[in-house]
Amino acid sequence: MKFLKSSLFFGLFLGFSACADKPSTKPISLPFFSEAPIAEGRVSVVERALPSKPFPVRYTFDNPEMDEPEISYRLAYTETHLYVAIETSANEVVYRNRGFLWGDGWRILLADMSEAPRSSRYADIYVSPKASNDERPEIFLAVQDNDQVYRLLSDKTVAHEAVTNTGTLFEATIAFDDIAPFHPLFRGKLGANLYFAKGFETPEVGPFPYGYSLIRDDGIWNEEIQDRAYVPVSLSPPIAKPNAPLAVKLHARSVEVGDALEIDVFANRDRLETETVLWELRQENDASIKSGVTDLTFDPSSQIGHLSLPTNAVEAGRYELLVQGKNLDFTQTINLLPIFEK
């Protein structure tokens, strides 16, 4: 994918001397949200209680000096979702194509910290707010592990922007099911970078952005850079509660025919009980191809259970996987690949 529209824009985005702040690797906190947040274009009283922080890194890209709004962010997580809220003191939302580059728009990256200080294993999500008559997708998984996937996210992921009584708000609840295998309850160590592009315009220059991020990274714009910088995430432990939704991590969306689909399930509860699980593979026309019933038990020390779902006697193709139980409702598109002779 090529972001650059002209040689002038190329020069603008390589003007990293205009990055006015030093990068930081200080961990950012990711609080656990005991109540499910709702991305609806307003910050609720409960969401307002989350810590609000300024972006430590600022880019002007050698653009004209502008009167900048105050910009801050909030992050949190639940068993099933990542919550992101970005607030500014600007009086309007700027709508542009590729708002995640030109403003207003944002991106969030989750990275595997087993590689340091940069990681080639990551999920990069783009959000480009759209006007009411714009039919382009607003939020999608753009790049994963340096592969440009441009995959739309499910209805479980919601993004909104709004003008509020204090400025503008960009808010999202991102389903971990949509960005598997990146889930803070399973990864142990997780890195992140959050980038916000604020749109400006002058008669002389025309439209241009300022950028704000958690850590400086040329890979935000340069697609030839195959890894990403991140800051460590300091995870607040989940607060156990009765009947909490089960957190699910699918190990891989694509496996060879005959290989099992491996799934981890985390139970955020004081009392662990065996869960009876029904699973099914469906074709796109909803025809059932393979199904089964199994008991899911949990390791008391880790609170994690494991499912290994067979795919034998199923032809190669694209299927929908459904896994359901009393406190479990998981749906994911998977690919069964033909077996290639080595």
Side-chain angles (χ1 to χ4, degrees), residues 32 34-36 77-82 123 141 144 151-158 173-188 238-340:
F32 177 76
S34 57
E35 297 186 28
Y77 79 102
T78 70
E79 295 91 347
T80 58
H81 285 77
L82 176 68
L141 177 62
Q144 185 160 7
R151 186 174 69 239
L152 297 181
L153 305 186
S154 72
D155 292 341
K156 296 178 183 178
T157 292
V158 178
T173 51
I174 300 170
F176 290 121
D177 291 355
D178 286 339
I179 55 174
F182 294 93
H183 195 306
L185 290 174
F186 299 100
R187 300 297 292 192
I239 302 170
K241 52 187 177 181
N243 299 319
L246 298 177
V248 182
K249 184 192 78 171
L250 178 65
H251 285 213
R253 292 175 182 267
S254 300
V255 300
E256 285 190 350
V257 169
D259 289 348
L261 295 165
E262 306 292 348
I263 299 175
D264 289 335
V265 182
F266 178 85
N268 183 30
R269 303 172 187 172
D270 290 324
R271 183 179 179 184
L272 299 177
E273 297 179 343
T274 299
E275 182 102 2
T276 300
V277 173
L278 292 77
W279 64 272
E280 185 177 21
L281 281 178
R282 291 181 181 175
Q283 290 181 321
E284 291 183 352
N285 61 3
D286 288 337
S288 180
I289 299 300
K290 193 177 185 68
S291 62
V293 179
T294 187
D295 286 336
L296 174 63
T297 58
F298 297 90
D299 182 328
S301 59
S302 66
Q303 298 177 264
I304 292 177
H306 184 76
L307 296 172
S308 186
L309 308 181
T311 67
N312 56 298
V314 180
E315 295 182 355
R318 187 179 180 90
Y319 300 94
E320 187 175 54
L321 171 65
L322 292 83
V323 183
Q324 297 176 322
K326 181 181 178 182
N327 299 286
L328 182 61
D329 186 8
F330 176 76
T331 304
Q332 189 64 263
T333 300
I334 60 102
N335 299 296
L336 295 185
L337 307 176
I339 300 175
F340 295 100

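Predicted, not measured: the structure shown is a model, and the values here were computed from it. Note: hydrogens, waters and symmetry copies are ignored here, and every other heavy atom, side chains too, is used.
The side-chain heavy atoms of E275 and K326, taken from C-beta on, include a pair separated by under 4.5 Å. Between L309 and I263 the shortest side-chain heavy-atom distance falls below 4.5 Å. The side-chain heavy atoms of L296 and V265, taken from C-beta on, include a pair separated by under 4.5 Å. Considering only heavy atoms from C-beta on, Y319 stays 4.5 Å or farther from T333 through its side chain. You'll find the side chain of V257 stays beyond 4.5 Å of the side chain of E315, heavy atoms only. Contact check for R151 versus R253: side-chain heavy atoms found under the 4.5 Å cut-off. In this structure the side chain of L321 reaches within 4.5 angstrom of the side chain of I334, judged on heavy atoms. Side-chain contact check for I239 versus N268: every heavy-atom pair is 4.5 Å or farther apart.
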Would you please test L246 and E79 for side chain to side chain contact (heavy atoms under 4.5 Å, CB included) and show each step?
CA-CA 7 Å; L246 298 177; E79 295 91 347; over 6 Å; no

I'd like to know whether V293 forms a side chain to side chain contact (heavy atoms under 4.5 Å, CB included) with V277, so could you lay out the CA-CA distance, the side-chain angles of the two residues, the decisive distance to 0.1 Å, and finally the verdict.
CA-CA 6 Å; V293 179; V277 173; over 6 Å; no

Verdict with supporting geometry, E280 and K290, side chain to side chain contact (heavy atoms under 4.5 Å, CB included):
CA-CA 6 Å; E280 185 177 21; K290 193 177 185 68; over 6 Å; no

In sequence, state the C-alpha distance, the side-chain angles, and the governing distance for I179 and T157, and then conclude on side chain to side chain contact (heavy atoms under 4.5 Å, CB included).
CA-CA 10 Å; I179 55 174; T157 292; over 6 Å; no

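The aromatic ring centres of H81 and H183 sit 6.0 Å or more apart.
For the pair E262 and S308, the tightest heavy-atom approach, listed with the atom from each and the gap, is OE2-OG, 3.1 Å. For the residue pair L272 and A267, the shortest heavy atom distance occurs at CD2-CB, 3.6 Å. Contact between G305 and F298 at its shortest, heavy atoms only, is N-CD2, 3.4 Å. Summarising the geometry of L185 relative to A247, their closest heavy-atom pair is CD1-CB, 4.0 Å, with the distance given to 0.1 Å. Residues F176 and T78 come closest through the heavy atom pair CE1-O, 3.6 Å.
Taking 4.0 Å as the cut-off between side-chain N and carboxylate O, K156 and D178 do not count as a salt-bridged pair.
For the atom pair T331 OG1 and L322 CG, the distance stands at 4.5 Å (nearest 0.5 Å). Expressed to the nearest 0.5 Å, how far OG1 of T276 lies from CG of L328 amounts to 11.5 Å. Annotation: the span from S291 atom OG to L281 atom CG amounts to 9.0 Å, rounded to 0.5 Å.
Looking at D270, its side chain never comes within 3.5 Å of a backbone N or O of K241 through a donor-acceptor pair. Using a distance-only test at 3.5 Å, with no hydrogens or angles considered, a donor-acceptor pair links the side chain of Q303 to the main chain of R269. Judged by distance alone, the side chain of Q283 and the main-chain N or O of I289 form no donor-acceptor pair under 3.5 Å. Looking only at distances, no side-chain donor or acceptor of Q144 sits under 3.5 Å from a matching main-chain atom of A123. In this structure, the side chain of N335 does not engage the main chain of L337 through any donor-acceptor pair within 3.5 Å. Judged by distance alone, with hydrogens and angles left aside, the side-chain atoms of T311 form a donor-acceptor pair with the main-chain N or O of G258 at under 3.5 Å.
Note on residues 262-290: no pairs pass ring pair (Phe, Tyr, Trp, His ring centres under 6.0 Å), not counting sequence neighbours.
Between F32 and Y77, the two ring planes are perpendicular [angle over 60°; tilted spans 30° to 60°].
Heavy-atom contacts from other residues, nucleotides or ligands closer than 6.0 Å to CG of N312 number more than 12.
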